[in-house]
Amino acid sequence: KVYRASTTAPVNIAVVKYWGKRDAKLNLPTNSSLSVTLSQADLRTLTTASCSASFSDGDSLMLNGEPSDISGARTQACFRELRARRAALEASNASLPKLSTLPLKIVSENNFPTAAGLASSAAGFAALVQAIANLYELPESPSELSLIARQGSGSACRSLFGGYVAWRMGDKEDGSDSMADLVAPASHWPSMRALILVVSAAKKGVSSTSGMQQTVATSGLFQQRIAQVVPANMDLMEKAIKAKDFAKFAEVTMRDSNSFHACCADTYPPIFYMNDVSRAAIRAVESINAKAGKTIAAYTFDAGPNCVVYYLEEDAPTVLGAFAGVLNGVSGWKDDSSSVKSGAKL
Ligand code: DP6
C-alpha cells in the first residue's frame, strides 16, 4: 500500500529582509522579517509526499524531474521533526497506520522556469513540510509547521501562509519561539501586485547561507541594522500594511532593501548582489515615482541581481508601461494571472 498527499506552497519575497543567523544549525535569525506572498497561479512549488513499505531504496527526493540529495542536514532535520510528530500521534492512537517508520518519497516541481534564477528554497521547503504534514495528518497549525520549515531554509517558514507574513525572531535558545505568523491575508490588500524583473538567470555567486554568515562575522553596519533599523522597519511595515498605506509600504521596502545591500557592501571582503541592470531598475522606479508625483512603485532585491517591483493594480499601466520602455528583454510576472499571463513578455 502507498499512502500519498500533495500540496502547493507559494514563493514569498521579503520587504523586511532576513539576513543573519544567531544559530546556524537551527536557522535562528538575528532579526525578524516580513514578506509578501506571490500568487500561486504564477510562482509555486507543487510537492507530493508518499510513503510505503515497498519503497526499498529508503527515503528519496525528486526536484523538477531530477533525483536530489536528501542527506543534507536541513532536509534530514525536516524529515526527523515530522516523523517524531507522526510517531507521537501513533503512540497515542493504536489504530493509526505506522507511517512514521516507512520510507518517504518526495516529488517536487516548480511552475516557474528554474532558469528564471528565482530563489525557490522558500517555496520548496514549505511545500515539503506541508506535504509530509498532510500525509501524516498532523494537527499542527501553519505557525507550528513554520518551526519545522525554518530548519529547512529560514525564508521557508514564511511560505506556509498566503498574504503578508512575519517571521518573529524569538529569543529562546531552542528556537521554539522563532516562527511565522499571518500579519494580514492577501484579501486584506487585494490590489497589491509584484513584477519580477529577471536581470540574470545565472546562479548567484555567494549563497544566502554563506553570505549572511560573512556579514554577521565582519560588518559593523550590520550591528546597527539588527539593533535599530530592522526593529523600526518591522513596526513601520506592519502599520503600513494594516493601514494599506502604499507610500509608506514602498518607502520601508526600498529602505530595507538598501540597508541589507549596504550591509553586504560593508561585509569584508564585500559582497555585491546587484549589478548595473539592477541599479537601472532602481533608477526606473525612482523616475516612475517622480513622474507620478507620488510613490506608486517599490523595488526590492534579494541575494541576486533580480528586481521585484511592488505596485497597486490601479497603477499597472503606468508601472508596467514604464518598465517596458526602460529595460529590454525583460520577462515579467504579475501576481494575478487573470489579466497578464504568467511569464508574459512585457
Ligand atoms: C535575502 O532563507 O535562503 O532572501 O536560511 O540559509 O536557507 P537560509 O537562507 P535563505 O535566505 C534568504 C535571504 C533573503 C532575504 C529574505 O528572504 O528574507
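We number each residue from 1, following the sequence as shown. Below, all heavy atoms of this structure are taken into account, side chains as well, without hydrogens, waters or symmetry copies. All ligand and atom numbering here is 1-based and tracks the order in the structure.
- With a 4.0 Å heavy-atom cut-off, ligand 1 is reached by the backbone of Thr209 and by its side chain too.
- Interface atoms of ligand 1 facing Lys21, defined by a heavy-atom separation under 4.0 Å, are 5 (O), 6 (O), 8 (P).
- Not counting sequence neighbours, the partners of Ser54 by the side chain to side chain donor-acceptor pair (under 3.5 Å) test are Ser52.
- Aromatic ring centres of Phe301 and Tyr273 lie farther apart than the 6.0 Å criterion allows.
- Nearest-residue assignment for atom 10 (P) of ligand 1 (options Ser35, Ala303, Ser153; heavy-atom criterion): Ser153.
- A salt bridge links Lys17 with Asp302: the distance from a Lys NZ or Arg NE/NH1/NH2 to an Asp or Glu carboxylate oxygen falls below 4.0 Å.
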Could you give me the CA-CA distance, side-chain angles and deciding distance for Lys172 and Asp23, then say whether salt bridge (charged side-chain N to carboxylate O under 4.0 Å, His left out) is met? CA-CA 11 Å; Lys172 293 194 181 147; Asp23 181 323; over 6 Å; no
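- At a 4.0 Å heavy-atom cut-off, ligand 1 touches Ala14 through the side chain alone.
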Quick one: do Trp189 and Phe249 satisfy ring pair (Phe, Tyr, Trp, His ring centres under 6.0 Å)? Show the steps, please. CA-CA 12 Å; Trp189 204 353; Phe249 167 90; 5.6 Å; yes
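- In summary, the atoms of ligand 1 found under 4.0 Å from a heavy atom of Met212, numbered by their order in the structure, are 9 (O), 11 (O).
- Taking every heavy atom of Arg74 and a limit of under 4.0 angstrom, the matching atoms of ligand 1 come to 6 (O), 7 (O), 8 (P).
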Steps toward salt bridge (charged side-chain N to carboxylate O under 4.0 Å, His left out) verdict (Arg168, Asp181): CA-CA 8 Å; Arg168 316 286 175 188; Asp181 64 50; 2.9 Å; yes
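- If you look at Ser208 next to ligand 1, the close heavy atoms, those under 4.0 Å, all belong to the side chain.
- Within the listing of ligand 1, atoms 2 (O), 5 (O), 7 (O), 8 (P) sit less than 4.0 angstrom from a heavy atom of Gly154.
- Grouping Ile, Leu, Val, Met, Phe, Trp and Tyr by side-chain contacts under 4.5 Å, direct or through others, puts Met179 with Leu147.
- For Arg158, the heavy-atom gap to ligand 1 drops under 4.0 angstrom.
- When the heavy atoms of Trp19, Tyr18, Tyr273 are ranked by distance to atom 15 (C) of ligand 1, first place goes to Tyr18.
- With 3.5 Å as the limit, one finds no donor-acceptor pair spanning the side chains of Gln214 and Thr267.
- Against a heavy-atom cut-off of under 4.0 Å, Asn27 is close to the following atoms of ligand 1: 5 (O).
- In summary, the atoms of ligand 1 found under 4.0 Å from a heavy atom of Phe260, numbered by their order in the structure, are 1 (C).
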